[in-house]
Structures are given as C-alpha cells and as structure tokens.
Amino acid sequence: MRYVIDRMTMSDVPRVIEIERLAYPSTWPASAYRKELQDNRWAHYIVLRDKKIAQEQVAVGVQEPEKARRFFPLSLLPSRQTATATSPETNSIIGFAGLWLMVDEAHITTIAMHPNYRRKGLGEFMLVNLIDIAYSIGANWVTLEVRVSNYVAQNLYRKYGFHEKGLRPKYYSDNQEDALIMWTDQIHSPEYKHKFQQLKATLLRTLETQ
Ligand SMILES: CC(C)(COP(=O)(O)OP(=O)(O)OC[C@H]1O[C@@H](n2cnc3c(N)ncnc32)[C@H](O)[C@@H]1OP(=O)(O)O)[C@@H](O)C(=O)NCCC(=O)NCCS
C-alpha cells in the first residue's frame with residue numbers, strides 16, 4: 001500500500017507542527033511534542049506517510065543539485081534550498097495522531113490530516129491504527145474530547161463506536177467552546193471487536209486501490 005504508519009520521532013516534529021497549524025485553531029509548541037516523545041512512557045504517537053511523495057522527493061533531490069552544479073558555479077555555495085530542505089521521509093508525512101494510556105483507558109490526544117489529503121479514508125486509517133495500539137497496550141476503552149462544533153471528527157468517531165458520555169464546559173481556551181466526551185464500549189467485547197475488524201477490512205480494501 002502507498003500509505004504507511006510509523007512511530008513519530010523527534011525529526012518528524014517540525015512537519016507535525018506544520019500540519020497541526022493547518023488543522024487546529026490553536027496548537028502545541030514543538031517542545032510539547034518533544035517532551036511527549038522523550039519523557040512520557042504512556043504516550044504513543046504515530047505519523048502517516050505517503051510513500052509516493054517520498055519517491056517523488058527522492059527523484060527531485062537526486063536530479064536538482066547535479067544539474068545546478070554542472071551549469072552554475074555559484075551553486076557550489078550552500079544554497080538556500082539545501083539549508084532549509086527537509087528529508088523526503090519527513091516531507092512525506094501527511095497526518096499524525098496520538099494517545100496516552102491511563103490505567104486501562106486509551107485517551108486519544110490528537111488526530112489530524114493535512115487538508116490536501118482529507119476525505120480519502122486516511123484519518124480513519126490513523127484512527128484504526130490508534131485503536132490497534134490501544135489493543136496492543138492493554139487498554140479496555142478508548143476515549144477522547146472533541147469540540148461540539150467538530151461534526152466531521154464526531155462522524156469519524158461515531159463510525160468507530162464512540163458515544164457521547166458527557167460535556168466539558170468551556171474546555172477549549174481559544175474560544176471557550178465546550179468539549180464532548182466520547183467513549184467506545186469495551187473494545188475487547190465480541191461485538192466491538194467484530195465491528196472494528198469489519199470496518200478495518202473494508203477500509204484496507206479501499207486504501208489498497210488508491
Ligand atoms: C477529522 C479528520 C482527521 C478526518 O480525516 P479525513 O482523512 O478527512 O477523514 P476520512 O476520509 O478518513 O473519513 C472518515 C470518516 O470521517 C467522517 N468524515 C470525514 N470527513 C467528513 C466530512 N467532510 N463531513 C462529514 N463527515 C466526514 C465520515 O464519517 C467518514 O467516513 P465515511 O467516509 O464512511 O463517510 C480531519 O478532518 C482533520 O484533520 N480535521 C482537523 C483536525 C481535527 O479536527 N481533529 C479531530 C480533533 S478531536
């Protein structure tokens with residue numbers, strides 16, 4: 001498949017911040033992600049890569065400096081492009097997500113797709129991966145907060161069996177918006193497992209064809 005999920009690393013953080021700025025009205029500082037990755041053993045962060053972007057970037061990266069060096073002596077000086085360019089691997093990141101394990105609850109802290117790659121099933125792909133992580137680290141439930149106005153994300157969560165279980169008034173400091181608290185049922189219940197496996201299989205079939 002063209003899309004791959006990797007654990008987030010320190011070198012991914014600048015690209016994650018770029019996507020976060022495009023996806024959320026208010027954002028975490030880069031230091032918060034670095035701290036999460038370094039110090040929080042209960043945190044699990046992933047990035048979603050589009051291998052096609054990496055391949056295209058590698059092709060450009062191989063050809064451009066060679067061409068420049070052949071024809072323009074000034075290009076022997078470090079160019080601005082070289083100084084600021086990030087690696088093809090980093091540029092291929094198009095989404096990220098994360099959760100914390102608290103006892104036996106997986107708390108989804110963030111999930112965001114680059115706006116140019118939405119509505120392709122990829123946010124769903126990241127959610128599926130988070131739920132798989134929740135299974136693998138011994139969680140029994142998955143929970144999250146979502147803005148009351150964020151119907152798009154709520155639709156995604158409802159599709160995966162999240163239900164509203166409460167409200168946190170004025171939870172978001174940027175506009176005092178309330179947060180819905182959503183929970184799955186017990187993810188090890190046969191009903192949830194069955195529903196999850198069916199949704200996942202359908203999604204993977206769709207993504208294979210992209
Ligand atoms: C929420 C988000 C991650 C969804 O990513 P995405 O890749 O566009 O979503 P997908 O294509 O995987 O869609 C999966 C499901 O989400 C829901 N959904 C996605 N886009 C939708 C839209 N424009 N309108 C209604 N529902 C939508 C649907 O239930 C969809 O399932 P379906 O295709 O069977 O209808 C993305 O919109 C995003 O990054 N938003 C900004 C950040 C954010 O709000 N994060 C959530 C914080 S709690």
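Only heavy atoms go into these numbers, but all of them, side chains included; no hydrogens, no water, no symmetry mates. Note that ligands are numbered from 1 as they come in the structure, with each ligand's atoms numbered from 1 the same way.
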Subject >> Backbone of W28 reached by a side-chain donor or acceptor of E20 within 3.5 Å >> reply: yes
Original post:
What atoms of ligand 1 come within less than 4.0 Å of a heavy atom belonging to A112?
Top reply: 39 (O)
**OP:** Find all atoms of ligand 1 within a distance of less than 4.0 Å from any non-hydrogen atom belonging to L122, and give their numbers and elements.
**Re:** 7 (O), 12 (O)
Original post:
Any chance CZ of R21 has more than 12 other-residue heavy atoms, nucleotides or ligands included, within less than 6.0 Å?
Top reply: no
Subject >> Option whose closest heavy atom lies nearest to atom 39 (O) of ligand 1, chosen from M182, E20, M113 >> reply: M113
Subject >> Close-contact set for ligand 1 against V152 heavy atoms, below 4.0 Å >> reply: 17 (C), 18 (N), 19 (C), 20 (N), 21 (C), 22 (C), 23 (N), 24 (N), 27 (C), 37 (O)
Original post:
Heavy atom of E145 under 4.0 Å from ligand 1?
Top reply: yes
Subject >> Crowding at CH2, W100 (>12 non-hydrogen neighbours, <6.0 Å) >> reply: no
Subject >> Residue that, paired with F162, satisfies ring pair (Phe, Tyr, Trp, His ring centres under 6.0 Å) out of W141, Y157, Y192 >> reply: Y157
Subject >> From CZ (R118) to CE (M113), nearest 0.5 Å >> reply: 8.0 Å
**OP:** Classify the contact between N150 and ligand 1 as side chain, backbone, both or neither, using a heavy-atom distance cut-off of under 4.0 Å.
**Re:** side chain
**OP:** For atom 8 (O) of ligand 1, grab the closest protein heavy atom and report residue, atom and distance to one decimal in Å.
**Re:** R119 N, 2.8 Å
Original post:
Does Y171 OH have over 12 foreign heavy atoms under 6.0 Å away?
Top reply: no
**OP:** Of the side chain and backbone of R147, name the one, both, or neither that has a heavy atom under 4.0 Å from an atom of ligand 1.
**Re:** neither
Original post:
Do R15 and E18 sit within salt-bridge range, that is, some charged N less than 4.0 Å from a carboxylate O?
Top reply: yes
Subject >> Protein contact for atom 30 (C) of ligand 1 (heavy atom, distance under 4.0 Å) >> reply: yes
Original post:
Relative to the heavy atoms of V146, which atoms of ligand 1 are at a distance of less than 4.0 Å?
Top reply: 48 (S)
**OP:** For atom 48 (S) of ligand 1, find the nearest protein heavy atom and state the residue, atom name and distance (0.1 Å precision).
**Re:** Y157 OH, 3.1 Å
Original post:
Applying a 4.0 Å heavy-atom criterion (strictly less than), which segment of R118 is in contact with ligand 1: side chain, backbone, both, or neither?
Top reply: both
Original post:
To the nearest 0.1 Å, how far is atom 25 (C) of ligand 1 from its closest protein heavy atom, and which atom is that?
Top reply: N155 ND2, 3.2 Å
**OP:** Assess whether atom OH of Y151 is packed by more than 12 heavy atoms of other residues, nucleotides or ligands within 6.0 Å.
**Re:** no
Original post:
Which of these, Y151, Y24, Y160, has its nearest heavy atom closest to atom 47 (C) of ligand 1?
Top reply: Y24
**OP:** Report the nearest protein non-hydrogen atom to atom 11 (O) of ligand 1: residue, atom name, distance rounded to 0.1 Å.
**Re:** G121 N, 2.9 Å
**OP:** Just jot down the ligand 1 atoms closer than 4.0 angstrom to any heavy atom of K159, in number order.
**Re:** 31 (O), 32 (P), 34 (O)
Subject >> Interatomic distance, Y172 atom OH to D178 atom CG [nearest 0.5 angstrom] >> reply: 10.0 Å
Original post:
What distance do Y160 atom OH and T184 atom OG1 have between them, rounded to the nearest 0.5 Å?
Top reply: 13.5 Å
Subject >> Closest protein heavy atom (residue, atom, distance) for atom 12 (O) of ligand 1 >> reply: E124 N, 2.8 Å
Original post:
Among all protein non-hydrogen atoms, which one is nearest to atom 15 (C) of ligand 1, and what is the separation to 0.1 Å?
Top reply: L156 CD1, 3.8 Å
**OP:** Can you establish whether the number of heavy atoms outside K165 located under 6.0 Å from its atom NZ is more than 12?
**Re:** yes
Original post:
Atom CG in L127, atom CD in E124: separation rounded to 0.5 Å?
Top reply: 7.5 Å
Subject >> Residue, atom name and distance, where the atom is the protein heavy atom closest to atom 5 (O) of ligand 1 >> reply: G123 CA, 3.6 Å
Original post:
Strictly under 4.0 Å, does any heavy atom of F125 approach an atom of ligand 1?
Top reply: no
**OP:** For the pair D174 and R147, find out whether any cationic side-chain nitrogen is under 4.0 Å from an anionic carboxylate oxygen.
**Re:** yes
Subject >> Shortest protein contact, atom 45 (N) of ligand 1 (heavy atom only) >> reply: I111 O, 2.8 Å
Original post:
For ligand 1, which atoms sit closer than 4.0 Å to a heavy atom of K120?
Top reply: 11 (O)
